[in-house]
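Before any comments, here is the structure.
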Amino acid sequence: MNFSKSFKKPYLGFKTPAIMGILNITPDSFSDGGKYFSKPRIAIQNAIKMQKMGANIIDIGAESTRPGALPIKPEIEIKRLKPIIFGLKKRKLNISVDTRNSLTMKFALDNGVKIINDVSGLQHDPESINVIKKSKCFIILMHMQGNPQTMQKNPKYNFAPKDIYFFLKKQIVKCEKNNIKKNRIIIDPGIGFGKTSKHNIQILQNLKIFHKLGCNILVGLSRKRLISDLSNKEKPADRLPGTIAANQYALDQGADIIRVHDVKEALQAKLIWQTLQKKIDL
C-alpha cells in the first residue's frame, strides 16, 4: 500500500521515508554511551560522516533516556551540546536535538537547530510548549509511559497501540491550541519506552492507525531490546540485521522516518526496498 498517496502528510523539507542518524554525546546511553562523550571534534566528524552516508537528519542527544537513567540538569546538557552545535552551525545539516528540557530547547533553537525531539511528548517540562510555539521548528512528540527511571517497571496498557494513539492525539490537540500547527508535528510511538516486547510488536503491527493523526511518523528501533528478545542477540552491537528487518517492516507500514545508529546499512536496505516496490518493465 502506498501511504504517501493514501495519507497527505506535511512536507518536511526532504523526501520521505527519511533516515535520522543518532549521535549520542552521553557517557551512559544504552548502545554507544561514551563513544563521543567529551570528544566534540570526533562527534562533529561523525555527524558529517553520517550526512555523507545518507542521513537526512542528525539527532544529537546529550542526556541518556535508557531504562533506569537518572536525569541531568539542563545546564550540563547544554554544556555537552554547545561545542557540537557550534561546530555544525555552518554546515548544511538538518539538526535535531533530543531533549525534554525547555532551557536546552531554547539554546538549541537560538543556535539554528530546526527539530526538537522530546521523548516525553512535551510532558516533562511545562515550559517546553511555550518555547516550541515561539519558534518555527518541527517538534517530535514521543510516547513514553512513566519516565526513564520507572518506564520498564511492569508497563501496562489496555491495548498499547490504541492507548498510545489517544495520547498522541491529545498532545497534538494541545499543540494546535498553542498555535503549533500539525505541519510542524512528527509523532513517535516510542518503541521500548515503557513497553514490553509484546507491546512493541503490537505497535508495529498496528502502525497504520497512526496515519489517521495526519502527522509524519518516526520509528526508533535501532539496536533495541526488542531485537534481542526476538533473536537472542544480547549485545546492542550485534543487533544490526534484526534492526534492518524491523525497520523495513516499519517502512512497509508507512513510517516516514527511521532513527538509526547504522546509517550506511539502513540506507542500503531502504534503497533496495524502494527499488523492489517499483514496477519495472522487462
Other hydrophobic cluster members with [X], side-chain heavy atoms of Ile/Leu/Val/Met/Phe/Trp/Tyr under 4.5 Å, chained?
X	value
Ile115	Leu12, Phe14, Met20, Ile57, Phe138, Ile140, Ile186, Leu218, Ile257
Leu240	Ile244
Ile272	Leu276

Looking at every non-hydrogen atom in both residues, tell me the closest pair between [X] and [Y] and how far apart they are.
X	Y	result
Ile84	Pro40	CD1-CA, 3.4 Å
Ile258	Ala266	CD1-CB, 4.5 Å
Arg100	Ser128	O-OG, 3.9 Å
Ala255	Leu207	CB-CD2, 4.2 Å
Thr99	Asn101	OG1-N, 3.1 Å
Ala47	Leu88	CB-CD1, 3.8 Å

When you measure from the side chain of [X] to the backbone of [Y], do you find a donor-acceptor pair of N or O atoms at a distance under 3.5 Å?
X	Y	value
Gln51	Gly21	no
Arg184	Ile132	yes
Lys49	Ile44	no
His211	Gln253	yes
Asn46	Ile42	no
Lys224	Gly220	yes
Ser135	Cys137	yes
His199	Thr196	yes

Would you give the length of the straight line joining atom [atom1] of [X] to atom [atom2] of [Y], rounded to the nearest 0.5 angstrom?
X	Y	atom1	atom2	answer
Leu213	Lys9	CG	NZ	9.5 Å
Leu141	Ser120	CG	OG	9.0 Å
Ile164	Met144	CD1	CE	12.5 Å
Leu226	Ile201	CG	CD1	5.5 Å
Ile78	Met105	CD1	CE	11.5 Å
Cys215	Asp188	SG	CG	12.0 Å

**Study point:** Donor on one side chain, acceptor on other, Asn24 and Thr26, under 3.5 Å
**Key:**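 Judged by distance alone, the side chains do not pair up.
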Among pairs that include at least one residue of [range], which meet side chain to side chain donor-acceptor pair (under 3.5 Å), considering only residues two or more places apart or in two chains?
range	result
residues 103-116	Glu77-Thr104, Lys89-Asn111, Lys106-Asp110
residues 264-274	Asp252-Trp273
residues 137-163	His143-Lys195, Asn147-Thr150

Which residues satisfy the side-chain hydrogen bond (donor to acceptor under 3.5 Å, both in side chains) test with [X], sequence neighbours excluded?
X	value
Asn200	none
Asn56	none
Ser102	Asp125

Between [X] and [Y], is there shared hydrophobic-cluster membership here, with clusters defined by ILVMFWY side-chain heavy atoms closer than 4.5 Å?
X	Y	value
Leu122	Phe210	yes
Ile48	Leu81	yes
Ile76	Leu103	no
Ile209	Met142	no

Point to revise | Ile25 vs Ile60, side-chain contact (heavy atoms from CB on, under 4.5 Å): CA-CA, chis, key distance, verdict | key: CA-CA 7 Å; Ile25 50 172; Ile60 308 172; 3.9 Å; yes
Are [X] and [Y] packed together at the side-chain level, in the sense that at least one heavy-atom pair is separated by less than 4.5 angstrom?
X	Y	result
Asp98	Val119	yes
Ile116	Leu109	yes
Leu221	Leu204	yes
Ser231	Arg239	no
Met50	Leu23	yes
Ile191	Val219	yes

Check your understanding: Who passes salt bridge (charged side-chain N to carboxylate O under 4.0 Å, His left out) against Asp262, sequence neighbours left out?
Key ->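 With sequence neighbours excluded, Asp262 shows a salt bridge (charged side-chain N to carboxylate O under 4.0 Å, His left out) to Arg223, given in chain and number order.
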Practice item. Take Asn117 and Val97 through the test side-chain contact (heavy atoms from CB on, under 4.5 Å) and record every step on the way to the result. Key: CA-CA 6 Å; Asn117 182 7; Val97 166; over 6 Å; no
Practice item. Flag the pair Glu63 and Arg80 as a salt bridge only when some basic side-chain nitrogen lies within less than 4.0 angstrom of an acidic carboxylate oxygen. Key: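 Not counted as a salt bridge, because no side-chain N and carboxylate O are separated by less than 4.0 Å.
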Point to revise | Qualifying residues under ring pair (Phe, Tyr, Trp, His ring centres under 6.0 Å), relative to Phe107, sequence neighbours excluded | key: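 Phe107 satisfies ring pair (Phe, Tyr, Trp, His ring centres under 6.0 Å) with no residue once adjacent residues are dropped.
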Counting only pairs under 3.5 Å, give me each side-chain donor-acceptor contact of residues 166-181, with atom names and distances, residues two or more places apart or in other chains.
unit_1: Gln171; atom_1: NE2; unit_2: Gly121; atom_2: O; d: 2.7
unit_1: Asn178; atom_1: ND2; unit_2: Lys174; atom_2: O; d: 2.9

**Study point:** Step-by-step side-chain contact (heavy atoms from CB on, under 4.5 Å) determination, Leu70 to Ile72
**Key:** CA-CA 7 Å; Leu70 296 172; Ile72 63 171; over 6 Å; no
Check your understanding: Step by step, would you call Tyr165 with Asn206 a side-chain contact (heavy atoms from CB on, under 4.5 Å)?
Key -> CA-CA 10 Å; Tyr165 175 93; Asn206 291 275; over 6 Å; no
